[in-house]
Novice: 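Please find one structure pasted underneath; my questions will follow.
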Amino acid sequence: MAQNEKPTALIMIFGATGDLAKRKLFPSLYRLFEKDRLGDFAVIGVARRSLTNDEFQTSVNQSVNPEGVENDKLKEFVSKFYYHSHDVTDSDSYASLNTVAHELDNQYNLSGNRIFYLAMAPEFFGTIAEHLKTDGLTDAHGFKRLVIEKPFGHDLESAKKLNNQIRTAFTEDEIYRIDHYLGKEMVQNIEVIRFANSIFEPLWNNRFISNIQVTSSETLGVEERGRYYEKSGALRDMVQNHMLQMVSLLAMEPPISLTTDEIRSEKVRVFRALRPIKGNEVNEYFVRGQYGKGLLEEKKVPAYNEEDMVDPESNTETFVAGKLMIDNFRWAGVPFYIRTGKRMEAKTTKIVVEFKDMPMDLYNRQEGSVRPNLLVIHIQPEEGITLYLNAKKAGQFMNSTPVKLSYANKGIDGLNTPEAYEKLLYDCLRGDATNFTHWDEVALSWSFVDNISAVWEKEKEQNFPNYEAGSMGPKAADALLDKDGHFWWPVTNLDVEKC
Ligand code: NAP
């Protein structure tokens, strides 16, 4: 589909009074509208509470325009929003939703194109998809697409069950499983950095790369999501989806073209090559942590097991570090280290590619001046790339010093890059599923993660909490790399750190 296409569709948002709709979906749609990226469209918001169209439009207005500035463009935008009060478990109300959908389809000339966005708790996903089919909402004459939020299942078995349910109503091509990391500018940039630069691709393998480190850390704790998080933990919440997706983009082979099928099939091959870690190996390759109390920005914060809706004896991990091995020709022997956690020292997502050392050290390592070349991909909050090289230290003697070449997205373009949701919504409207996860990726990543959770659920971790809020996780996460002769490159102050 052309890059400047202006798609037309009726967008139904299930869970339209919720947090995701207000914080992400309405503002993203508005930015697309402001940029004139949308053709004819209308939105039906669905949730249980009773609201008039006017009240709903006011809430859309507030989420898009919190300062309350009057603006004709905004008025036109919110006028396209309609509300339908409906309990998704109630079979009777789908027929009236379909009637409204047909009316709006005619009124706005939407060509029978329908997007069903499920911004609701996952237990409803299957039921809604089935009703959309049995009650005729998927029978319109245009395209139909289902957008589904994470989590996609709780393990492989529940994910399969959910997938079978939604596949009764939608084909795989019509299902857009959101992993919002795939909408992030710098995550999308991984493949461009790799495949558009002849200085990187020839080195991107086990002959030249020592190890790759992917860190995604948050300073926030579990906040009000204790009930959900107790059943999820960092492994399911972050590793099964975002972390493994980033690894697949770092490790995949060059696709033969940029089509959805080609890119996804290369990613799937990475998941297939991921060495399963089972039984006794789990605690050798993976470390779990749970935050204790501590200080963040000079404020005292409670331990995880003191948070609302959290069991004081909780066995849930808020931190995971792991060593992944990809058993193929390109990556044999290269560890991919991942770590993610809550209440850590910094909010950041970063990838560090550490290249192998030179075969001999000519330039005074003793003085701490030479270090391996590093390529750092800054995913968030900064967006950019830094390449660390070694160059001659100015002066009389032949000493080297690390120097860096940096590229910062914001500095160059002078604009904020679009939010992930804005890009993903536009992709979905245009029918481009490349940056959504295919079922095969979901299934393979659950199989990988299920082996780890099976061990962790059976064996209660006696040392929880085992890291202080405001730190970079438990000591065992450092030991994980130490035993391979590596260490975590710091996520802040990399410049001053010496090898
Ligand atoms: P939320 O704030 O709890 O909103 C849930 C929505 O569902 C509300 O609009 C609620 O409205 C509606 N609802 C609940 N039960 C219903 C029923 N039986 N029939 C019809 N509507 C019903 O949840 P959220 O934070 O927006 O999250 C939604 C989904 O996005 C979840 O899958 C979550 O995991 C995912 N997600 C959220 C975020 C985020 O930043 N919030 C980020 C990533 C993923 P009523 O009470 O009026 O029915």
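Note that this is a predicted model, so its numbers are computed, not measured. Note that ligands are numbered from 1 as they come in the structure, with each ligand's atoms numbered from 1 the same way. If you read the sequence from its start, that first residue is 1, and numbering goes on from there.
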Novice: Using the six-membered ring of Y291, assess whether NZ or CZ of K342 lies under 6.0 Å from its centre and within 45 degrees of the ring axis.
Specialist: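 Not flagged: K342 not positioned over aromatic ring of Y291.
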Novice: Which atoms of ligand 1 are found less than 4.0 Å from any heavy atom of F124?
Specialist: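 By the 4.0 Å cutoff, the relevant atoms are 15 (N), 18 (N).
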Novice: Is F125 close to ligand 1, meaning an N/O of one under 3.5 Å from an N/O of the other?
Specialist: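 Not met; the criterion fails.
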Novice: Answer with side chain, backbone, both or neither: which part of E149 has a heavy atom less than 4.0 angstrom from an atom of ligand 1?
Specialist: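 Answer for E149: side chain.
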Novice: Check ligand 1 against A16 and write out every atom of the ligand that is under 4.0 Å from a heavy-atom position of the residue.
Specialist: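 Those atoms are 9 (O).
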Novice: Taking only residues two or more places apart in sequence, or in another chain, which ones meet S158 in a side chain to side chain donor-acceptor pair (under 3.5 Å)?
Specialist: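 Partners of S158 by the side chain to side chain donor-acceptor pair (under 3.5 Å) criterion, ordered by chain and then number, come out as D155.
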Novice: Among all protein heavy atoms in this structure, tell me which lies nearest to atom 40 (O) of ligand 1, with the distance rounded to 0.1 Å.
Specialist: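 Minimum-distance protein heavy atom for atom 40 (O) of ligand 1 reads R23 NH2, 2.5 Å.
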Novice: Which bit of F14 gets closer than 4.0 Å to ligand 1, counting heavy atoms only: side chain, backbone, both or neither?
Specialist: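 For F14, no heavy atom sits under 4.0 Å from ligand 1.
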Novice: Cation-pi check for Y426 against R37: NZ or CZ below 6.0 Å from the six-membered ring centre and within 45 degrees of the axis, yes or no?
Specialist: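 Yes, R37 lies over the aromatic ring of Y426.
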Novice: Could you state the interatomic distance from NE2 (H86) to OG (S93), rounded to the nearest 0.5 Å?
Specialist: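 OG of S93 is found 4.0 Å from NE2 of H86.
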Novice: Ring centres under 6.0 Å, that's the criterion: do F81 and F26 meet it?
Specialist: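 Under 6.0 Å, so yes.
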Novice: In terms of residue, atom name and distance, what is the protein heavy atom nearest to atom 24 (P) of ligand 1?
Specialist: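 Minimum-distance protein heavy atom for atom 24 (P) of ligand 1 reads L20 N, 3.9 Å.
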Novice: Given H180, M120, H84, which has its nearest heavy atom closest to atom 13 (N) of ligand 1?
Specialist: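 Shortest heavy-atom distance from atom 13 (N) of ligand 1: M120.
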Novice: Within the 4.0 Å heavy-atom shell around H86, which atoms of ligand 1 are there?
Specialist: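 Reading through ligand 1 atom by atom, the close ones are 19 (N), 20 (C).
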Novice: What is the closest protein heavy atom to atom 12 (C) of ligand 1, and at what distance does it sit?
Specialist: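 Of the protein heavy atoms, G15 CA, 3.9 Å lies nearest.
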Novice: Is R145 close enough and on-axis enough to F143, meaning under 6.0 Å and within 45°, for cation-pi?
Specialist: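 Yes, a cation-pi geometry holds between R145 and F143.
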Novice: Below 4.0 Å from ligand 1: does a non-hydrogen atom of Y228 turn up there or not?
Specialist: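 Per 4.0 Å heavy-atom rule, Y228 does not contact ligand 1.
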Novice: Considering all heavy atoms of both residues, which atom of T168 and which atom of K133 are nearest to each other, and what is their separation?
Specialist: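 Taking T168 first and K133 second, the nearest heavy atoms are O-CD, 3.1 Å.
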Novice: Determine the minimum heavy-atom distance between Y181 and S216, stating which atoms define it.
Specialist: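 Result for this residue pair: OH-OG, 2.9 Å.
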Novice: Considering only protein heavy atoms, which is closest to atom 19 (N) of ligand 1, and at what distance to one decimal place?
Specialist: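 Sorting protein heavy atoms by distance from atom 19 (N) of ligand 1 puts V88 N, 3.0 Å first.
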Novice: Testing the basics here: between E345 and T219, what is the closest heavy-atom pair and its distance to 0.1 Å?
Specialist: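 What the structure gives for the nearest pair is O-CG2, 3.8 Å.
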Novice: Below 3.5 Å, N or O to N or O, backbone or side chain included: is there any such pair between A119 and ligand 1?
Specialist: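 Min N/O separation from ligand 1 is not below 3.5 Å for A119.
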Novice: For ligand 1, find out whether one of its N or O atoms is nearer than 3.5 Å to an N or O atom of K150.
Specialist: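 Between K150 and ligand 1 (N or O atoms, distance only) the closest approach is under 3.5 Å.
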Novice: Provide the closest heavy-atom pair for F448 versus L324 in the form atom of the first, atom of the second, distance.
Specialist: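 Heavy-atom minimum between the residues: CZ-CD2, 3.5 Å.
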Novice: Which ligand 1 atoms, with their elements, are less than 4.0 angstrom from a heavy-atom of T17?
Specialist: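 This gives 8 (C), 9 (O), 10 (C), 11 (O), 45 (P), 47 (O) as the contact atoms.
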Novice: Quick test: of every protein heavy atom, which one is nearest to atom 18 (N) of ligand 1, and how far off is it to 0.1 Å?
Specialist: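 Scanning the protein heavy atoms, the shortest distance from atom 18 (N) of ligand 1 goes to D87 OD1, 3.0 Å.
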Novice: Considering only non-hydrogen protein atoms, determine which one is nearest to atom 4 (O) of ligand 1 and report residue, atom name and distance to 0.1 Å.
Specialist: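 Protein heavy atom with the smallest distance to atom 4 (O) of ligand 1: G18 CA, 3.3 Å.
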Novice: Does any N/O atom on R48 come nearer than 3.5 Å to any N/O atom on ligand 1?
Specialist: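 Looking only at distances, the answer is yes, because the N/O contact criterion of under 3.5 Å is met.
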Novice: Short list, please: which atoms of ligand 1 are under 4.0 Å from a heavy atom of P122?
Specialist: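 That gives atoms 32 (O) of ligand 1.
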Novice: Would R339 count as a cation-pi partner of Y337, with NZ or CZ less than 6.0 Å from the six-membered ring centre and within 45° of the ring normal?
Specialist: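 No, a cation-pi geometry is absent between R339 and Y337.
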Novice: Give me the nearest non-hydrogen protein atom to atom 47 (O) of ligand 1 as residue plus atom name, then the distance to 0.1 Å.
Specialist: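 Here the nearest protein heavy atom works out to R49 NE, 2.6 Å.
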Novice: Using a plain distance cutoff, I'd like to know if A121 has any nitrogen or oxygen under 3.5 Å from a nitrogen or oxygen of ligand 1.
Specialist: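 Not met; the criterion fails.
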Novice: Can you report which non-hydrogen protein atom sits closest to atom 2 (O) of ligand 1, along with the distance?
Specialist: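 Protein heavy atom at minimum distance: D19 N, 2.9 Å.
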Novice: Rounded to the nearest 0.5 Å, what separates atom CE in M309 from atom CD in E224?
Specialist: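 Between M309 CE and E224 CD, I get 10.5 Å after rounding to 0.5 Å.
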Novice: Under 6.0 Å from the six-membered ring centre of F286 and within 45° of its axis: does the NZ or CZ of K323 meet both?
Specialist: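 K323 over F286 ring: no.
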